[in-house]
Amino acid sequence: MESPEWWLDRLYDQLQSRTKYVERMRSYCSGNHPLPTLPDKARSAFQKLLRHARSNYVGLVADATSERIQVDGFRLGGVEVGDEELWRIWQANSMDADSDMLIGEAVRVGRSFALVAPNPEDPATPLITAEDATQAVVAYRPGSRRVRAAGLKCWLDDWGGLLMATLYLPDAVYKYEAPAPKSGAIGKPKWAARQVDGEAWPAPNPLGLVSLVELPNRPDLLGEAHSEIEDVLDIQDRINKTLIDRLMAQEFSAFRQRWATGYELPEDEHGQPVEPFRSAVDRLWVAEDSAVKFGEFGATDLTPYLKAAEADVQHMAARTRTPAQYLLGQLSNVSGEMLRATESGLVSKVRQRQRPLGEGMEEIARLALRASGDTRDLERLEVIWHNPEFRTEGELVDALVKMSTLGVPQEALWERWGASQTEIAQWSRLRNQAAARVMGGDMAALYGPKPDGGGVDGDAE
């Protein structure tokens with residue numbers, strides 16, 4: 001019980017059971033939806049139309065959420081500004097970019113993962129890597145949704161054709177390999193210890209914690225996480241079915257169906273009727289008999305199809321709290337107040353999603369500082385999120401000026417403005433340097449030289 005082999009089999013089975021869900025959510029978000037169903041006789045004839053009958057609204061829903069969730073830095077303890085050392089580690093691992101991918105993946109498929117490890121070449125800069133939801137899984141202690149008991153990363157090595165697995169336990173790291181399973185194979189992989197040159201087996205875990213961290217989206221109390229589009233897939237399928245019905249109506253109505261009465265069909269030498277007319281844009285039907293009448297059927301009205309698709313899109317927008325301008329493009333020349341009102345639901349949803357994702361980001365940051373030997377109080381660590389509200393510069397400046405009159409620290413105002421932690425640190429140093437020069441009697445540092453080149457008192461320097 002709880003041996004490395006027991007954890008390996010348990011987590012591998014759990015990872016395989018999740019893969020189908022992850023791949024389904026990912027396929028929908030990328031626009032690779034299941035094709036709408038048609039009668040068997042019509043399927044082959046309309047296969048090309050079927051491929052055209054997909055409009056990726058769920059991808060917009062996921063993007064509208066993830067694009068507003070952005071990590072701007074980390075704050076330690078009661079410090080007003082972001083921690084420069086932690087942000088240096090974060091950027092050294094390209095996590096200022098990869099964190100966006102982690103958040104986007106969690107929003108789309110329900111969860112993503114990050115792995116923290118000591119860096120033997122540079123102990124002050126530990127390694128942080130983003131991991132895919134089909135290659136990583138974390139198990140928690142019974143009764144807890146936060147204490148990690150074990151973690152597994154499993155991937156297929158394309159070079160060697162082997163299935164690789166790394167098991168992370170609090171006291172050690174176990175590495176395994178197995179022949180790649182064949183398609184449709186039943187049974188567990190035949191794992192064997194994977195030896196790495198210059199490394200003991202098992203390798204010690206210097207962090208003393210499972211260094212694989214999960215970032216869940218919409219978690220529940222049972223430990224499950226959910227994709228942002230999970231409950232609107234049926235609406236997307238309805239939209240696609242309406243689109244194929246519309247395309248079929250357009251295909252049949254490209255040339256209106258014509259009819260003729262009072263015309264006697266000629267016969268061939270075998271006595272079989274011969275079709276005398278062929279419809280085309282450059283052909284004219286003519287009959288010598290004045291009793292013959294021609295006509296055409298009316299074109300199919302596409303309005304019901306368009307309204308049905310629009311109604312489903314509106315249902316999706318309401319369920320996911322996605323503004324109409326994202327899905328329908330209906331807003332134009334609206335005031336800033338109206339625009340904020342339409343986005344209030346999305347902003348509230350984004351702030352709610354930030355909290356569970358932030359717990360994972362904070363744990364990644366703690367492990368990184370721990371791996372670098374930082375002994376500061378890591379429990380008082382929080383993520384600095386980018387403001388999910390979109391405002392014009394005039395509105396934002398006006399709001400910041402009013403906040404400054406209430407005594408809000410300048411660093412917090414810069415943060416609300418959207419400045420990066422690097423910019424805030426640079427601006428703080430420039431302000432402190434200017435203040436030091438003022439204290440030394442250099443008033444030009446406060447007011448600056450006059451345009452005519454004179455000093456602050458009007459005399460030439």
Side-chain angles (χ1 to χ4, degrees), residues 22 25-26 28-30 56-75 82-83 86-87 90-91 93-114 128-133 136 213-220 224-232 316-317 319-323 325-327 339-340 342-366 368 381-391 396 412 414-424:
V22 171
M25 297 300 114
R26 185 174 292 163
Y28 266 93
C29 285
S30 63
N56 191 18
Y57 286 102
V58 291
L60 284 174
V61 169
D63 290 344
T65 302
S66 61
E67 70 184 11
R68 298 198 180 209
I69 307 177
Q70 177 183 330
V71 177
D72 276 353
F74 296 89
R75 187 182 292 110
D83 187 76
L86 182 52
W87 192 245
W90 197 256
Q91 288 188 306
N93 287 276
S94 300
M95 285 300 294
D96 46 344
D98 288 357
S99 62
D100 287 345
M101 291 194 292
L102 282 174
I103 292 169
E105 186 76 352
V107 169
R108 286 189 291 270
V109 305
R111 49 171 56 90
S112 59
F113 298 84
I128 308 175
T129 56
E131 305 295 338
D132 191 86
V213 180
E214 181 179 26
L215 298 169
N217 184 67
R218 295 173 59 196
D220 57 31
E224 290 298 323
H226 304 274
S227 167
E228 204 62 41
I229 65 169
E230 178 182 293
D231 50 355
V232 293
M316 183 181 293
R319 178 63 189 88
T320 61
R321 288 180 282 176
T322 305
Q325 63 265 28
Y326 278 79
L327 299 179
L339 191 61
R340 282 196 296 274
T342 60
E343 295 186 349
S344 60
L346 176 61
V347 172
S348 297
K349 181 179 74 170
V350 166
R351 294 190 189 279
Q352 187 181 49
R353 301 293 184 265
Q354 285 176 344
R355 285 187 281 272
L357 291 172
E359 291 297 323
M361 291 292 181
E362 290 166 7
E363 183 62 14
I364 296 170
R366 290 190 191 98
L381 186 149
E382 64 176 353
V383 181
I384 301 173
W385 293 108
H386 192 78
N387 188 0
E389 295 182 90
F390 289 161
R391 293 185 179 182
L396 188 54
W414 291 339
E415 182 181 306
R416 183 65 65 92
W417 169 257
S420 67
Q421 294 305 304
T422 302
E423 290 176 322
I424 293 175

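The closest donor-acceptor contact from the side chain of Asn217 to the backbone of Ala225 lies at 3.5 Å or more, if one exists at all. For Asn93 (side chain) and Ile128 (main-chain N/O), a donor-acceptor pair under 3.5 Å exists by modelled atom type. The backbone N or O of Arg108 lies less than 3.5 Å from a partner atom in the side chain of Ser227, making a donor-acceptor pair. Side-chain N or O atoms of Lys349 include one that pairs as donor or acceptor with a backbone N or O of Thr320 at under 3.5 Å. When atom types are taken as modelled, the side chain of Ser112 and the backbone of Leu102 share a donor-acceptor pair closer than 3.5 angstrom.
Atom CZ in Phe113 sits 12.5 Å away from atom OG1 in Thr129 (nearest 0.5 Å). Between Met361 atom CE and Ile384 atom CD1 the span is 13.5 Å, to the nearest 0.5 Å. A distance of 4.0 Å separates CD in Glu105 from CZ in Arg26, rounded to the nearest 0.5 Å. Once rounded to the nearest 0.5 Å, the distance linking CD of Glu343 with CZ of Arg68 reads 4.0 Å. Taken from CG in Asp98 to CD in Glu131, the straight-line distance is 10.0 Å, to the nearest 0.5 Å. Between Leu346 atom CG and Tyr326 atom OH the span is 6.0 Å, to the nearest 0.5 Å.
When each of Val61, Val107, Asp100, Val350 is tested with Ser66 by the rule side chain to side chain contact (heavy atoms under 4.5 Å, CB included), just one qualifies, namely Val107. The side chain to side chain contact (heavy atoms under 4.5 Å, CB included) test with Val109 is passed by exactly one of Glu230, His226, Met25: Met25.
The two residues Gly358 and Val383 come nearest to each other via the heavy atoms O-CG2, 3.6 Å. Closest heavy-atom contact between Val58 and Ile229: O-CG2, 3.5 Å. Residues Gly59 and Asn56 approach most closely at N-OD1, 3.1 Å, considering heavy atoms. The heavy-atom pair separating Leu357 from Pro216 by the smallest distance is CD2-O, 3.3 Å.
The side-chain heavy atoms of Leu86 and Leu381, taken from C-beta on, include a pair separated by under 4.5 Å. Between Arg366 and Val213 there is no side-chain heavy-atom pair separated by less than 4.5 Å. Two residues are said to be in side-chain contact when any heavy atoms from C-beta on lie closer than 4.5 Å; Gln354 and Gln70 fail this criterion. Between Leu60 and Met316, the closest side-chain pair of non-hydrogen atoms is not below 4.5 Å. In this structure the side chain of Val71 reaches within 4.5 angstrom of the side chain of Trp385, judged on heavy atoms.
A salt bridge is defined here as a Lys NZ or Arg NE, NH1 or NH2 lying under 4.0 Å from an Asp or Glu carboxylate O, and Glu359 with Arg355 fails to meet this definition. We find that Arg353 and Glu228 are joined by a salt bridge, their nearest charged nitrogen and carboxylate oxygen being less than 4.0 Å apart. Between Arg351 and Glu389 there is a salt bridge, since at least one side-chain N of the basic residue sits less than 4.0 Å from a carboxylate O of the acidic one.
Note on ring orientation: taking the six-membered ring where Trp is involved, the planes of Phe74 and Trp87 are tilted (angle from 30° to 60°).
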